[in-house]
Amino acid sequence: MKYLIPLLKKIEPGIALQLEGECARLYELIQSGVIKSDNDACELLFDGVRKSKKFSELKVRLIQQLVQIVIQHPWIYRSSLQEAFIDSWKSLVAIKILLAKGHKVGSIDIILRALRQARKYDFHRIAVELCIELQHHFFVIENNERKGKYYEKILAREKIKAEAEEQVRIESAKLFFEHNKTRFHSKQYILDLRKKLDFLKTHFQHDSVHINLYLWNLEVLYAYLQHDYSHVIDICVSAIEFMESRKMDRTAGFRYKLAPAQLILGQYDEARDNIRQAIARVKKEEYSWSVVTYYRLLIELHDGEYEQAFRLFQAANGAPQISRALKVQWRIVKAYMAFLIRSGYIREHEGRSPHYRQIISEIPPYSQDKQGNNVNILILQLLINLGHNNDVLIDRAEAIRKYMQRHMRSRELVRARTFLEMLLTIPRYQFHYEAVIRHTHKKQKLLLSKPLRKTQNQDIEIIPYTELWKMVLHILSKHSSRYRGRNRVSRR
């Protein structure tokens, strides 16, 4: 049930009408939330008998029916590449059945058509299976040595590509696993990534789309870790051009990988254009949709289009398509939106502004954060409390200062560290506008001297720190006199 429930959530109710008998009833009970575990299902459907063999058989039948629906139903969106993949596998299955029935000569036209399709889309494993049948047919059935050797050569090439794709995929998965364990990577990790990437390119690179997809993704990852954003753009553009030349609709991933680099370089119009093209190529049912939407929203925030960003946020917030990996980032964006509303930078919203306690409760404590979002969480704890609960801000300041001393020493965090030090100046000088400006002047110059493109790791500033600081000063200028005298803070 652990894996069955997420699968059923992806099946639209209209499609599920095709389910039959007990499978339909089980589907309805799971979708309605009545059944949440195997034990629930056994007790409800099979008179309380736990670990029922009948239930296991029912679950297998349900999965089998769902597989048929996913493969056959036209309502389910599939790209042309996915359609070709399904068609190639169905052809291979049909061929195996015909050959097993003794229809060897009659199946040759089907095999040849399937092989052309498999080679066109670089389905190497399928091509290997088809070439084996053709090589055997021409050598054994037709005694045609010339054609037998021809397909033997194709078989050898497809085997090499299939094995290369498998090896590159395995190594790529391991490298991304290591990368995803932390947001801040050592020089040794980056060096090892370069060595492994060079090894894979030397030994396994072919003109196969699927092999190159893995290698391009690793190249993009390495370029981001090196802060070489121009190279990120070059790689993504090369990948897009290659796939378009092969008429394969797999460019969306590289279009949204372009967005962070273009954001950092200030190329907002180019980033918007790529995001629009990426959105046109993905559906809400896909994981990529939430990633593309996230970057589309960041573009507007970086370009100062806060009202537009808020409209995009409202359209996407709470959608079931937001991926689990982006849940924390989405809550952080929500908190920034609340800050912009309360600060008067977003006016086109319905209802009252969210209370700061509600906003804070939705931000995960940095001690519980496992995804490397601590910097944004720390900044938000200060921003949201500013002007609404200064005592809490003062209490948080000392804890944040200690955290920075222990965990924020890396070169990649110089902008974040500088900005947090500027924010901590506010309670230190008792929220006094002129004093804050006077004592942050040098740090503001330092922030301006460290451009985003030279210091930023892959976690983009939700709103550029230079713009956030202007907002903070605007809030202080309006309330500075009200703050003074209410907060007594030691100037450490």
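Bear in mind that the values here come from a model prediction, so they are computed numbers and not experimental data. We number each residue from 1, following the sequence as shown. All values below were derived from every heavy atom in this structure, side-chain atoms included, with hydrogens, water molecules and symmetry-related copies excluded.
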Subject >> Aromatic contact, Phe85 with Tyr121 (centres under 6.0 Å) >> reply: no
Original post:
Out of curiosity, Leu383 CG to Leu423 CG, how far, rounded to the nearest 0.5 Å?
Top reply: 5.5 Å
Original post:
Between Ser477 (side chain) and His474 (backbone), is there a donor-acceptor pair under 3.5 Å?
Top reply: yes
**OP:** Would you indicate whether the side-chain heavy atoms of Met243 and Leu213 approach each other to under 4.5 Å?
**Re:** yes
Original post:
Judged by atom type as modelled, is there a donor-acceptor pair below 3.5 Å linking the side chain of His179 to the main-chain atoms of Tyr189?
Top reply: no
Original post:
Can you find a pair of side-chain heavy atoms, one from Met408 and one from Val375, that are under 4.5 Å apart?
Top reply: yes
**OP:** Look at the aromatic rings of Trp216 and Phe242 and report parallel, tilted or perpendicular, splitting at 30° and 60°.
**Re:** perpendicular
Original post:
Considering all heavy atoms of both residues, which atom of Ala335 and which atom of Leu380 are nearest to each other, and what is their separation?
Top reply: CB-CD1, 3.7 Å
Original post:
Is Lys174 close enough and on-axis enough to Phe177, meaning under 6.0 Å and within 45°, for cation-pi?
Top reply: no
**OP:** Evaluate the criterion side chain to side chain donor-acceptor pair (under 3.5 Å) for residue pair His231 and Tyr229; output intermediate values, then yes/no.
**Re:** CA-CA 5 Å; His231 190 46; Tyr229 304 111; over 6 Å; no
Subject >> Leu175 side chain reached by Tyr222 side chain, heavy atoms, under 4.5 Å >> reply: no
Subject >> Stepwise side-chain contact (heavy atoms from CB on, under 4.5 Å) check, Leu81 with His210 >> reply: CA-CA 11 Å; Leu81 186 66; His210 308 296; 4.3 Å; yes
Original post:
Does the side chain of Leu468 reach to within under 4.5 Å of the side chain of Phe339, using non-hydrogen atoms?
Top reply: yes
Subject >> Closest approach of Tyr429 to Ala435 (non-hydrogen atoms, all atoms of both residues) >> reply: CB-CB, 4.0 Å
Subject >> Which atom of Ile400 lies closest to which atom of Gln381, heavy atoms considered >> reply: CD1-OE1, 4.2 Å
Subject >> Pairwise distance CD1(Ile275) to CD(Glu270) - rounded to 0.5 angstrom >> reply: 13.0 Å
Original post:
For Leu424 and Leu382, what are the C-alpha separation, side-chain angles and deciding distance, and is it a side-chain contact (heavy atoms from CB on, under 4.5 Å)?
Top reply: CA-CA 8 Å; Leu424 292 174; Leu382 295 174; 4.1 Å; yes
Subject >> From CD (Gln277) to OG1 (Thr251), nearest 0.5 Å >> reply: 7.5 Å
Original post:
If every non-hydrogen atom of Leu446 is compared with every non-hydrogen atom of Ser449, which pair is closest and at what distance?
Top reply: O-OG, 2.7 Å
Original post:
Are any non-hydrogen side-chain atoms of Lys196 and Leu218 less than 4.5 angstrom apart?
Top reply: no
**OP:** Kindly compute the distance separating CZ (Phe204) from CD (Glu163), expressed to the nearest 0.5 Å.
**Re:** 9.5 Å
Original post:
Are Lys120 and Lys247 close enough, and set up right, to give a side-chain contact (heavy atoms from CB on, under 4.5 Å), and what steps lead you there?
Top reply: CA-CA 10 Å; Lys120 175 183 177 181; Lys247 294 182 171 56; 5.8 Å; no
Original post:
Does Arg296 reach the main-chain N or O of Arg276 with its side chain, forming a donor-acceptor pair under 3.5 Å?
Top reply: no
**OP:** To the nearest 0.5 angstrom, please state how far the OH atom of Tyr295 sits from the CG atom of Leu263.
**Re:** 8.5 Å
**OP:** Spell out, as yes or no, whether a donor-acceptor pair under 3.5 Å connects the side chain of Asp122 to the backbone of Val209.
**Re:** yes
Subject >> Minimum side-chain heavy-atom gap Ile240-Leu258 below 4.5 Å >> reply: yes
Original post:
Does Phe199 offer a backbone N or O that forms a donor-acceptor pair with the side chain of His203 under 3.5 Å?
Top reply: yes
Original post:
Under 6.0 Å from the CZ atom of Arg246, do we count more than 12 heavy atoms belonging to anything else shown?
Top reply: yes
Original post:
So do the side chains of Leu340 and Leu301 get within less than 4.5 Å of each other, counting heavy atoms only?
Top reply: yes
Subject >> Exercise: identify the closest heavy-atom pair between Ala271 and Gln262 >> reply: CA-OE1, 3.1 Å
**OP:** Check for a donor-acceptor pair, side chain of Tyr224 on one end and backbone N or O of Ala261 on the other, with a separation under 3.5 Å.
**Re:** yes
**OP:** Side-chain contact test, heavy atoms from C-beta onward, threshold under 4.5 Å: evaluate it for Asn217 versus Lys257 and give yes or no.
**Re:** yes
Original post:
Does the His302 side chain pair with the main chain of Leu298, one donor and one acceptor, at a distance under 3.5 Å?
Top reply: no
Subject >> From CA spacing to verdict: side-chain contact (heavy atoms from CB on, under 4.5 Å), Ser172, Leu200 >> reply: CA-CA 9 Å; Ser172 176; Leu200 292 174; 5.8 Å; no
**OP:** Flag the pair Lys201 and Glu219 as a salt bridge only when some basic side-chain nitrogen lies within less than 4.0 angstrom of an acidic carboxylate oxygen.
**Re:** yes
Original post:
Going by an N to O cut-off under 4.0 Å, is there a salt bridge joining Glu166 and Arg125?
Top reply: yes
Subject >> Electrostatic pair Arg272-Asp269, nearest N-O below 4.0 angstrom >> reply: yes
**OP:** Measure the CZ-NZ distance between Phe419 and Lys443 for me, rounded to the nearest 0.5 Å.
**Re:** 13.0 Å
Original post:
Which pair of heavy atoms, one from Val436 and one from Thr425, lies closest together, and at what distance?
Top reply: CG2-O, 4.2 Å
Original post:
Is there a salt bridge (charged side-chain N to carboxylate O under 4.0 Å, His left out) between Asp207 and Lys161 once you walk through the steps?
Top reply: CA-CA 9 Å; Asp207 61 349; Lys161 291 181 180 181; 3.0 Å; yes
Original post:
Can you check side chain to side chain donor-acceptor pair (under 3.5 Å) on Gln314 and Arg311, steps first, answer last?
Top reply: CA-CA 5 Å; Gln314 283 185 309; Arg311 286 192 289 271; over 6 Å; no
